[in-house]
Amino acid sequence: MSFHAISRQNQIPIIDLTESFTDATVRHETAKQIDEICQTIGFFIITGHSIDRNIQNDMIQVSREFFHLPLAIKQEIIGSKDYPYGYNGLNDENLSLGYEKSSSAALLNDFKESFSIGPEHEQPIRWPTKPVTMPSIWLKYYAECHRLSQHLYHLFALALRLDEHWFDDKITSHRSALRSLYYPSFSSPLPSNQYRSSAHTDYGAFTILKQDSIGGLQVQNRFDQQWIDVPCIENSFVINLGDLMSRWTNDHWVSTPHRVIGPQKQIDANLYPSRQSIAFFCQINPDEIVTCIPTCTTADKPSKYPPIRSWDLILEKYLASTQKKESTSS
Ligand SMILES: O=C(O)CCC(=O)C(=O)O
Ligand SMILES: [Fe+2]
């Protein structure tokens, strides 16, 4: 697929990764395709990713179980500056605040709940008392996503004409976060100024997203500003770049705005269906200094951004979207 074909078509490209795990030639071809996608739409769907279906199903199932528990249990683990994970309740977050402050003020907060964990190697993970199977299922899913992210980093490195292992030492103490998002059902349509997730770009390197079959995820085509529906494909993941990767590549690659709209059709009893998705936010080592990737700058294209500690970049955005000040503890 050519650069122009991708930018013109209002579709999210699909890449089958199966052979890229074992065949170096395929890996190089896939990387070339990824480079084109990352310069244009910044989103793609992967199949042949090697994550077991049972693990995906268990993760969706145990998440639904958690979000159906009484609020008091869900609120057992609440995030803070030192522990930016745990439970976020309905209307606690407005992702567009971290993205575009001027127009987002009129938007109601996102109609969703979430629960997140960080990496086990940094600090003990805080779990709610129920469901009891949650820790083992989440840790298994987290490990699988990290393994997949390592393969994707290899493809991204080849796409940027770097050594395949260029990113390896930048993720040895990564701070990747796993977040389960639950968008409850509702009986009358959401107000026009409310979304399930308002428009935003992701903050980190890239995201591995699992969505259920309800749909609603949309990506903005930056060439004509149109919102493109991301199709729900069985046993697939959606991959999208975040702001850190865009800055790291000197804007050679884009982090594309996306949002989740409410369902347009009711199911039964006048109910608009709930939606469950699972996002794995791939974050590099928090102390890594993000400075223009060597292959992304030339004499004609100087580095645009000063070096920054990777976690400083992430925290700035996180605090903006949850309306927290850096000095507050909850
Ligand atoms: O739930 C989804 O499908 C997308 C969520 C999302 O974009 C995010 O949390 O960053
Ligand atoms: Fe996102």
Side-chain angles (χ1 to χ4, degrees), residues 12 41-46 56 59-60 63-64 66-67 79 84-100 104 107 109-118 141 145 149 175-186 190 194-220 222 227-234 236-246 253-264 272-283 313-315 317-322:
I12 308 299
I41 193 76
F43 263 80
F44 55 102
I45 293 172
I46 54 167
Q56 299 173 49
M59 184 65 194
I60 294 272
S63 292
R64 282 192 180 276
F66 169 77
F67 289 110
Y85 309 110
Y87 178 70
N88 263 309
L90 263 190
N91 305 322
D92 275 357
E93 193 175 67
N94 184 341
L95 279 176
S96 63
L97 284 177
Y99 166 58
E100 199 183 2
S104 57
L107 287 185
N109 281 2
D110 300 343
F111 196 71
K112 69 171 185 223
E113 298 176 71
S114 66
F115 191 90
S116 318
I117 64 167
Y141 188 90
C145 282
S149 78
R175 194 175 273 173
S176 296
L178 175 58
R179 182 176 228 204
S180 176
L181 296 130
Y182 181 67
Y183 305 92
S185 57
F186 43 84
L190 292 180
Q194 188 169 40
Y195 293 89
R196 280 188 150 170
S197 267
S198 45
H200 66 282
T201 52
D202 288 352
Y203 314 153
F206 61 96
T207 304
I208 302 175
L209 179 80
K210 165 104 212 128
Q211 52 169 349
D212 67 10
S213 58
I214 295 300
L217 178 62
Q218 296 186 319
V219 174
Q220 194 170 35
R222 71 197 174 97
W227 288 97
I228 308 169
D229 290 322
V230 179
C232 304
I233 296 174
E234 264 289 288
S236 73
F237 289 88
V238 179
I239 308 296
N240 68 286
L241 299 181
D243 299 337
L244 184 138
M245 193 61 107
S246 174
W253 284 355
V254 293
S255 68
T256 308
H258 53 286
R259 66 185 186 187
V260 181
I261 58 168
Q264 308 304 305
Y272 291 85
S274 62
R275 175 176 204 268
Q276 176 69 61
S277 65
I278 315 285
F280 186 77
F281 297 109
C282 300
Q283 314 282 22
L313 197 63
I314 307 296
L315 204 56
K317 291 230 161 203
Y318 169 77
L319 294 170
S321 75
T322 53

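In each ligand, atom 1 is the first atom listed, and ligand 1 is the first ligand listed.
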Check your understanding: Considering only heavy atoms, does Arg179 approach ligand 1 within less than 4.0 Å through its side chain, its backbone, both, or neither?
Key -> neither
Study note, to complete from the structure: Looking at Asp202, the N/O/S atom that lies nearest to the Fe ion (ligand 2) is called OD1
Study note, to complete from the structure: Ranking His200, Lys210, Arg196, Lys112 by closest non-hydrogen atom to atom 8 (C) of ligand 1, top hit is His200
Practice item. Check for a donor-acceptor pair, side chain of Gln211 on one end and backbone N or O of Pro231 on the other, with a separation under 3.5 Å. Key: yes
Review point. Is the NZ or CZ atom of Lys112 both under 6.0 Å from the centre of the six-membered ring of Tyr183 and within 45° of that ring's axis?
Key: no
Review point. Could an N or O of ligand 1 be found under 3.5 Å from any N or O of Ser197, whether backbone or side chain?
Key: no
Study note, to complete from the structure: So for His258 against ligand 1, with non-hydrogen atoms under 4.0 Å, the contacting part is side chain
Check your understanding: Under 3.5 Å, side chain of Gln218 to main-chain N/O of Val260, donor-acceptor pair present?
Key -> no
Practice item. Heavy-atom distances under 4.0 Å are what count here, so tell me which part of Val238 touches ligand 1: side chain, backbone, both or neither. Key: neither
Study note, to complete from the structure: In short, Ile278 meets Ser63 closest at the heavy-atom pair CD1-OG, 3.7 Å
Review point. Which of the atoms of ligand 1 are close to Arg275, meaning less than 4.0 Å from one of its heavy atoms?
Key: 1 (O), 2 (C), 3 (O)
Review point. So which bit of Leu209 gets within less than 4.0 Å of ligand 1, heavy atoms only: side chain, backbone, both or neither?
Key: side chain
**Study point:** Check: Ser198 main-chain N/O paired with Asp110 side-chain donor or acceptor under 3.5 Å
**Key:** yes
Practice item. Check each atom of ligand 1 against the heavy atoms of Tyr183 and keep those under 4.0 Å away; list them by number with element. Key: 1 (O), 2 (C), 4 (C), 5 (C)
Review point. With Phe115, which of Tyr85, Phe66, Phe67 fulfils ring pair (Phe, Tyr, Trp, His ring centres under 6.0 Å)?
Key: Phe66
Check your understanding: If you measure every N/O of Asp202 against every N/O of ligand 1, is any gap under 3.5 Å?
Key -> yes
Exercise for review: Compute the angle centred on the Fe ion (ligand 2) spanning NE2 of His258 and NE2 of His200, and express it rounded to 10 degrees.
Suggested key: 90°
Revision key, fill the gap. For Val260, the atoms of ligand 1 under 4.0 Å from one of its heavy atoms are 1 (O), 2 (C), 3 (O), 4 (C)
Review point. Is the closest N or O pair between Ser277 and ligand 1 shorter than 3.5 Å?
Key: yes
Exercise for review: Test Phe111 against every option in Tyr182, Phe186, Tyr272 by the ring pair (Phe, Tyr, Trp, His ring centres under 6.0 Å) rule and name the one that passes.
Suggested key: Phe186
Point to revise | For Leu217, the option from Arg259, Arg196, Arg275 that meets side-chain contact (heavy atoms from CB on, under 4.5 Å) | key: Arg275
Point to revise | Minimum heavy-atom distance Phe43-Thr256, with the two atoms named | key: CE1-O, 3.8 Å
